[in-house]
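Inspection log for the structure reproduced underneath, given as structure tokens.
Numbers here are sequence positions counted from 1.
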Amino acid sequence: MLLSSLSILMGAILVPSDYLWVYSTHIILVCLYLIWSKRLIVLFLTFLSFISVISSEFLPTSSLPLQIDNVVYVDFIKRNVVLEQGQLSNDWIFAETQPVSIVYFSEAGQRQTQDNFSLYVTSTASIHEAQSTSSFRGEVARILLPDKNGPWWQKQLYVKKQAAQLTIQFSDQDLTHIDLIQFSLRDQLLFKLDAMFGEFNSWRFSKALLLGQDDLWNERDTWIIRSLGLAHLFVVSGLHTGFMFAIGCLISRVVWRLLPNNVMLSGLTRWHCDAIVVMPLLLAYSYVTNWGEPVVRASIMLSVYLFSRMLALKISPYGIITFALWLVLLLNPRSVLSPGLWLSFSMVYLLIGYCQTSTKLSRLVTVQLMLSTASMVLILGWQEAISSASIVMNILLIPFAAFLWFPWAMISSLEAFVMGSTYSYELLDSLLYYVMTSIEWIVFELPLLFFEQFVSSVPRLIMLLLIGFWVYQSPLKRGIVSALSIWCILFSSMFFNDPNADITLTNKENKLILSNRNEILLADSWAGTDLSRLMIGSYLKANSRNAYILSPSAIKDLSPQMLLDHGIEWVMLKKEAPEQTLKMLNALNVDWLVISIDESLGFHFQNNRISLRHSSCIYSFFLLKSDTCKRVEKLESVLNYLQT
């Protein structure tokens, strides 16, 4: 019913501006067909979609007046970013405000992002009059503009309708005050929970499960969750909204049983009770989670489902979810570019298709097995590796989170707010200690599947076709052939590809050692006074014109004359060199890479290509990589360039 409306909405966003005339012709043809077929409801919905696209996509906006190093005043309570008029050129005219996203690093070094700040320009006198305790002076260090055809971080700004993302540097004193600001009721609630449960080691995961916030995670935690394929359970999925829906249904059932008979005889049904109890609960939960896109999508889907049941509408579940999809796109047409939108609704469609006829435990396990397998294939290209135990971990942890972890953490939160105690969470923390210990053992001890070892796109295409074949099988038992075939392809990299590096550079007890699989090739202690013995380019299959050297035992031996005499391009350091040495390397255009104690750098030679894996950079899919990880990527690109 709504496919025509969805196609128009998608076309308006995705079509290049040069082909807008084709899109306009498409709209006219579709509308004429709807009039001819007398589908007036769909015609009306299509018209609404068209108006939504026009208001979202084609309204004129002024260019951004900001430049790097501009001084701005950020008010975190009023959510304003104020630029002084004097910093603009005399011919600049800027009258309207624009929504921007700001990024800053807290006093603890954590990256903080907040959207929908109003950027406007005013005079110096107005700035001083408007300053308050929540207004802080900062400098613009970076400006990122939205681009629907750019990388995902720019596309995300476009989806959120942000005119720009501003990275702002504040003074250390201001950062201390910023961290103490309680911006809203939501922030006060989160501050209370962090204050009560912050001392527990498991709270960083419980907070992500309850609220979808991973701000307490470090890179190691993120890598563990991503490698196990559990990110949907904590952050990027509306699955925890489903948990809240189930809790709301249980509360509704208790309320229904306590209602007096005269209320039930007045025409109130169970579905009315569910809508009255569950929908406000979902609304409150969406507010607490800061209106995250997955939570809002899931809440809209569940609310539409409750409405249809409350009004006794005979609509198929597919129709309900399709209407919810249209409603989400109507509210924000640009979300059509969000992969999470289509992944969420695809999974819901699959769940409806395979769970509405039977809810037996065996069928639910089979569905979970299918979804976990499909998600592993979809992850291809999103991250470098995934644990071979990902499917099993999903099957075990999702029921554990749904029936024990999530409700227990909710009860503990209520206890903290009402009684100011943490007794129940202490018991949960003791249980989660063993759970997290087991998870860490699994992810670090069991083999990883490195998807980059698929040198051809053929295996990926075959797996996608097998998933499509599996989807159309009914019942699911017929899909066992597809499942076995997908698993064989997925795990083939573990059985037929050697995960060990061909050449490894390791820092053992502050000594750099270069070795292959059987013997030590070179050590920095062998050089003595002959620094030419530290050259490692020949072992890396690098061009002889490019020199790569291990750091000598005495860093002072890295003199400018020595670097020039040997034509050094890269230096492998055992630890961060003094600032004076780094300035010298920069001046001579010499790159360096730090391999600290107990760290290693592996060189994999595959099909005339060199792949590098630093022991601290296996999570290479992060947007904000460390300096070491960036240098590893640069070295890899240089080595592969030399092979061509």
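- Using a 30° and 60° split on the angle between ring planes, Tyr548 and Trp570 fall in the parallel class, below 30°.
- Counting only distance, with no hydrogens or angles, the side chain of Gln154 and the backbone of Leu145 share a donor-acceptor pair below 3.5 Å.
- Each of Leu593, Ile503, Thr504 was evaluated against Leu601; a single residue qualifies, Leu593, per the side-chain contact (heavy atoms from CB on, under 4.5 Å) test.
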Mind running side-chain contact (heavy atoms from CB on, under 4.5 Å) on Val81 and Ile102 for me, showing each step along the way?
CA-CA 9 Å; Val81 177; Ile102 67 167; 3.9 Å; yes

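- Interatomic distance, CG of Leu157 versus CZ of Arg334, reported as 11.0 Å (0.5 Å rounding).
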After noting the C-alpha distance and the side-chain angles of Phe400 and Leu431, does the key distance pass the side-chain contact (heavy atoms from CB on, under 4.5 Å) rule?
CA-CA 12 Å; Phe400 172 76; Leu431 172 63; 4.1 Å; yes

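- Counting only heavy atoms from C-beta outward, the side chains of Val103 and Leu166 never approach each other to under 4.5 Å.
- Closest of all the heavy-atom pairs between Asn510 and Lys574 is O-CD, 3.3 Å.
- For the pair Met572 and Leu635, the minimum side-chain heavy-atom distance is below 4.5 Å.
- Checking side-chain atoms of Ser596 against main-chain N and O of Lys575 turns up no donor-acceptor pair under 3.5 Å.
- When side chains are defined from C-beta on, Met393 counts as touching Ile442, because their heavy atoms get closer than 4.5 Å.
- Glu569 has its side chain out of reach of Val590: every pair of non-hydrogen atoms, C-beta onward, lies at least 4.5 Å apart.
- A distance of 12.0 Å separates CD1 of Ile462 from SG of Cys488, quoted to the nearest 0.5 Å.
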Applying side-chain contact (heavy atoms from CB on, under 4.5 Å) to Leu397 and Ile439, what does each step give before you reach the verdict?
CA-CA 10 Å; Leu397 280 183; Ile439 288 176; 3.6 Å; yes

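- Nearest heavy-atom pair across Pro399 and Asn394 is CD-O, 4.0 Å.
- Side-chain atoms of Gln162 come within 3.5 Å of backbone atoms of Asn116 as a donor-acceptor pair (strictly under, hydrogens ignored).
- Closest approach of Pro146 and Tyr158 over heavy atoms only: CB-N, 3.6 Å.
- Residues Gly138 and Ile168 share a closest heavy-atom pair of CA-CG2, 3.9 Å.
- For the atom pair Lys511 NZ and Ile597 CD1, the distance stands at 11.5 Å (nearest 0.5 Å).
- The CD1 atom of Ile68 sits 9.0 Å away from atom CZ of Arg142, with the distance rounded to the nearest 0.5 Å.
- Across every non-hydrogen atom of Thr113 and Ser101, the tightest pair is CG2-OG, 3.6 Å.
- Put simply, the side chain of Phe205 does not reach to within 4.5 Å of the side chain of Leu432, judged on heavy atoms.
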Walk me through it: do Asp429 and Trp203 pass the test side chain to side chain donor-acceptor pair (under 3.5 Å)?
CA-CA 8 Å; Asp429 181 70; Trp203 172 240; over 6 Å; no

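- For Ser387 (side chain) and Ala389 (main-chain N/O), a donor-acceptor pair under 3.5 Å exists by modelled atom type.
- Proximity of a side-chain donor or acceptor of Asn507 to a complementary backbone N or O of Ile595 within less than 3.5 Å is detected.
- The closest side-chain heavy-atom distance from Leu573 to Leu550 is not below 4.5 Å.
- In this structure the side chain of Ile143 reaches within 4.5 angstrom of the side chain of Val140, judged on heavy atoms.
- Shown here for Glu599 and Val594, the closest heavy-atom pair between the two residues is OE1-O, 4.1 Å.
- Taking a 6.0 Å sphere around OH of Tyr433, one finds it holds 12 or fewer heavy atoms contributed by other residues, nucleotides or ligands.
- By the 4.5 Å heavy-atom criterion applied to side chains, Leu505 and Ser600 are not counted as neighbours.
- Here the CH2 atom belonging to Trp592 is positioned 4.5 Å from the CG atom belonging to Leu582, to the nearest 0.5 angstrom.
- Distance check: Thr167 OG1 to Phe105 CZ gives 7.0 Å after rounding to the nearest 0.5 Å.
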Could you go step by step and tell me if Ser206 and Phe197 meet the side-chain contact (heavy atoms from CB on, under 4.5 Å) rule?
CA-CA 10 Å; Ser206 297; Phe197 301 133; over 6 Å; no

